[in-house]
Amino acid sequence: MSNVLFIISTLEGGGAERTLSNIVTHFPDDWKVDILLNNKSFIRYPYKGNILSLDLPDYGEKKTVLCLLKEIFKKTLYLKKIKKKNRYDACISFLPSSNISNALSGKKYGKTIISIHSNIVNNESKFVNKMFLCFFIKILYRRTDRIIVVSEEIALEVKRKLKLSEDRIGAIINGCDIAGIRKKMRIVPKEGKSRKICEEGQKIVLTVGRMVEEKGQWHLIRAFSEVIKQEPETKLLIVGEGRLKEYLTGLTEAYDLNEKIFFQGYSTNPFWYYSIADIFVLPSLTEGYPNVVAEAVCCGVPCIAADVHTGVREILSPDLDVLGERTNDVLEEEYGILVPVCSGKKYKSDEPLEEAESKMAEAIVKLLQDSGKRTHYKQQSMQRSGDLDIGQIVGRWIDEISSS
């Protein structure tokens, strides 16, 4: 029987955690799967396999450097012990602290694979930080068998900047459980029943994501303030929670859009919202791999996405150069529409829209007003979804584990 260990801090909260959940729940039944977490109480997503726990406390957002070092130290010692004892075919880690421990605990007793979910050597990093990261990742690289990243763009950038050989780095996207998603699309979550968000004759624009700076939802709210002037029978649904909620709700009130913009909070079933949406919009300023765009595609929702680095082009416009210059206009591509990335500047409601926000509003209005184009992109999304199915992704992970 094949034997694999997955390492991640939690099974709750983020895209990488949900990705691991999708992977392990779709692994073949004849595989023995262990999952090492910081604490077995940190589980929100489903899993299949045996949970191993370090019994570490939940530091939350108060985690200090000292706490992180303690976590890495304890996890590294534990991994050395169980790697020697269990002789796994592969030990696969997700996210930085787990990747560090996986690398430091060595590859003597089984294949060691680290999974990188963001471009950690991106162009926005400060020079000193970039040099440190490159040096540190090179050290990690020497202690692992493979580095797997979530997009071809990240793979190309990491190979170029760290001068890695082709045989030591690969790209595997985050797959979607399409069958499971389409079942959940028919189930109304509790919070979905509490508001009249599906009134007849209303069109719905949807965005899903944590309310944090990287996701840029305030730019969408500002763009929507222009959309509503041309398409007054439209609502914007924002699914997610986070530290920017007060700013986002305040901006909504300032625009007097409380009856048009609905904050749905965290949802255990965001897929129902995709089922009622006419358009999905990703206003992000940066992404590792945009899971929500992949989910929207798998739900057959026409997508408008900021042309951020890593992932968006690979999903919506696979023929575009992933390293090419980002668009400053509205681009109608094969599987969705790309718009310029916004500045990230936080505005007040009385300040005029920046150019990128105006382009986002323009793209939304055009798609809302053109039912034929929405039907086209819905069909294109359904066609594209087959390439994103979790079955194919698990097959690629098994190939990675089994390769010599």
Side-chain angles (χ1 to χ4, degrees), residues 4-27 33-79 81-83 88 90-105 112-118 120 140 148-150 172 174-177 180 208-215 239-243 265-270 287-292 294-295 390 393-394 397:
V4 62
L5 171 68
F6 289 95
I7 310 147
I8 196 166
S9 296
T10 76
L11 272 177
E12 60 182 9
E17 292 84 355
R18 187 164 58 201
T19 296
L20 192 148
S21 168
N22 280 336
I23 291 169
V24 297
T25 53
H26 289 84
F27 245 67
V33 175
D34 287 345
I35 306 166
L36 175 62
L37 305 177
N38 286 0
N39 193 299
K40 61 185 176 184
S41 66
F42 302 164
I43 299 175
R44 177 177 283 169
Y45 297 127
Y47 68 91
K48 183 173 70 175
N50 177 45
I51 295 293
L52 306 176
S53 175
L54 293 170
D55 296 325
L56 291 170
D58 182 10
Y59 299 110
E61 294 187 358
K62 297 179 180 179
K63 183 183 284 189
T64 64
V65 173
L66 181 59
C67 292
L68 179 61
L69 291 174
K70 285 181 179 178
E71 174 189 328
I72 290 170
F73 180 73
K74 184 171 183 178
K75 192 179 292 183
T76 301
L77 290 181
Y78 187 83
L79 282 169
K81 177 182 174 182
I82 63 171
K83 283 182 178 183
Y88 294 103
C91 299
I92 304 169
S93 53
F94 285 59
L95 300 179
S97 66
S98 295
N99 285 341
I100 293 169
S101 293
N102 194 20
L104 292 177
S105 59
T112 296
I113 301 172
I114 65 173
S115 176
I116 298 175
H117 288 249
S118 62
I120 53 178
L140 283 180
I148 299 298
V149 299
V150 294
I172 301 178
N174 299 340
C176 294
D177 177 10
V208 179
R210 292 174 297 124
M211 295 178 182
V212 293
E213 282 78 3
E214 305 94 282
K215 302 303 180 183
V239 178
E241 287 285 355
R243 58 180 175 268
Y266 173 81
S267 178
T268 56
N269 179 23
E287 285 286 344
Y289 180 85
N291 286 322
V292 291
E295 290 169 355
I390 189 63
I393 306 309
V394 169
W397 275 109

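Screening residues 5-23 for salt bridge (charged side-chain N to carboxylate O under 4.0 Å, His left out) gives Arg18-Glu295 as the qualifying pairs, with residues at least two apart or on separate chains.
Partners of Leu69 by side chain to side chain contact (heavy atoms under 4.5 Å, CB included), not counting sequence neighbours, listed by chain and number: Val65. Remark: Phe27 engages Phe6, Trp31 in a ring-ring contact (aromatic ring centres under 6.0 Å, His included) (not counting sequence neighbours). For the side chain to side chain contact (heavy atoms under 4.5 Å, CB included) test, residues two or more places apart in sequence or in another chain that qualify with Thr112 are Lys83, Asn102, Lys107, Thr144, Asp145. Among residues two or more places apart in sequence or in another chain, the side chain to side chain contact (heavy atoms under 4.5 Å, CB included) test is passed with Lys70 by Leu66. The side-chain hydrogen bond (donor to acceptor under 3.5 Å, both in side chains) search around Thr268 returns none, not counting sequence neighbours. With sequence neighbours excluded, the residues forming a side-chain hydrogen bond (donor to acceptor under 3.5 Å, both in side chains) with Tyr88 are Asp34, Asn86, listed by chain and number. For Tyr289, the ring-ring contact (aromatic ring centres under 6.0 Å, His included) test picks out no residue, with sequence neighbours left out. Residues passing the salt bridge (Lys or Arg N to Asp or Glu O under 4.0 Å) test with Lys48, sequence neighbours excluded: Asp29. Judged as a side-chain hydrogen bond (donor to acceptor under 3.5 Å, both in side chains), and not counting sequence neighbours, Asn269 has no contacts. Residues satisfying the side-chain hydrogen bond (donor to acceptor under 3.5 Å, both in side chains) test with Asp177, not counting sequence neighbours, are His26. By the side chain to side chain contact (heavy atoms under 4.5 Å, CB included) test, Leu77 is found to be paired with Phe73, residues two or more places apart in sequence or in another chain being considered.
The minimum heavy-atom distance linking Ser97 with Leu68 is given by the pair CB-CD1, 3.8 Å. Taking each heavy atom of Val292 and Val208 in turn, the nearest pair found is CG1-O, 3.5 Å. Counting all heavy atoms, side chain and backbone alike, Glu71 lies closest to Ser9 at OE2-OG, 3.2 Å. In this structure, Gly240 and Met211 approach most closely via the heavy-atom pair O-CE, 3.1 Å. The shortest non-hydrogen separation linking Gly265 to Val239 is O-CG1, 3.5 Å. Considering every non-hydrogen atom in both Leu56 and Phe42, the closest pair reads O-CZ, 3.8 Å.
For the atom pair Leu54 CG and Ser101 OG, the distance stands at 8.5 Å (nearest 0.5 Å). From Thr10, atom OG1 reaches atom CG of Asn39 across 10.5 Å, with rounding to the nearest 0.5 Å. With values rounded to the nearest 0.5 angstrom, Ile393 atom CD1 is found 7.5 Å from Ile172 atom CD1. Taken from OG in Ser53 to CG in Leu37, the straight-line distance is 7.0 Å, to the nearest 0.5 Å. Note that the OG atom of Ser93 and the CG atom of Leu20 stand 10.0 Å from one another [nearest 0.5 Å]. Atoms CG and CG, on Asn22 and Asn291 in that order, are 8.5 Å from each other to the nearest 0.5 Å.
For the pair Leu104 and Leu79, the minimum side-chain heavy-atom distance is 4.5 Å or more.
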### Task
Starting from the C-alpha separation in whole Å, work towards a yes-or-no answer on side chain to side chain contact (heavy atoms under 4.5 Å, CB included) for Leu5 and Leu52.
CA-CA 10 Å; Leu5 171 68; Leu52 306 176; 4.2 Å; yes
### Message
Test side chain to side chain contact (heavy atoms under 4.5 Å, CB included) on Lys75 and Leu36; report intermediate values, then the result.
### Response
CA-CA 9 Å; Lys75 192 179 292 183; Leu36 175 62; 4.2 Å; yes
### Task
Starting from the C-alpha separation in whole Å, work towards a yes-or-no answer on side chain to side chain contact (heavy atoms under 4.5 Å, CB included) for Val4 and Trp397.
CA-CA 11 Å; Val4 62; Trp397 275 109; over 6 Å; no
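Among Ile7, Asn99, Ile92, the single residue meeting the side-chain contact (heavy atoms from CB on, under 4.5 Å) criterion with Ile113 is Ile92.
Of the possible donor and acceptor atoms, one in the side chain of Ser21 sits under 3.5 Å from a partner among the backbone N and O of Pro46.
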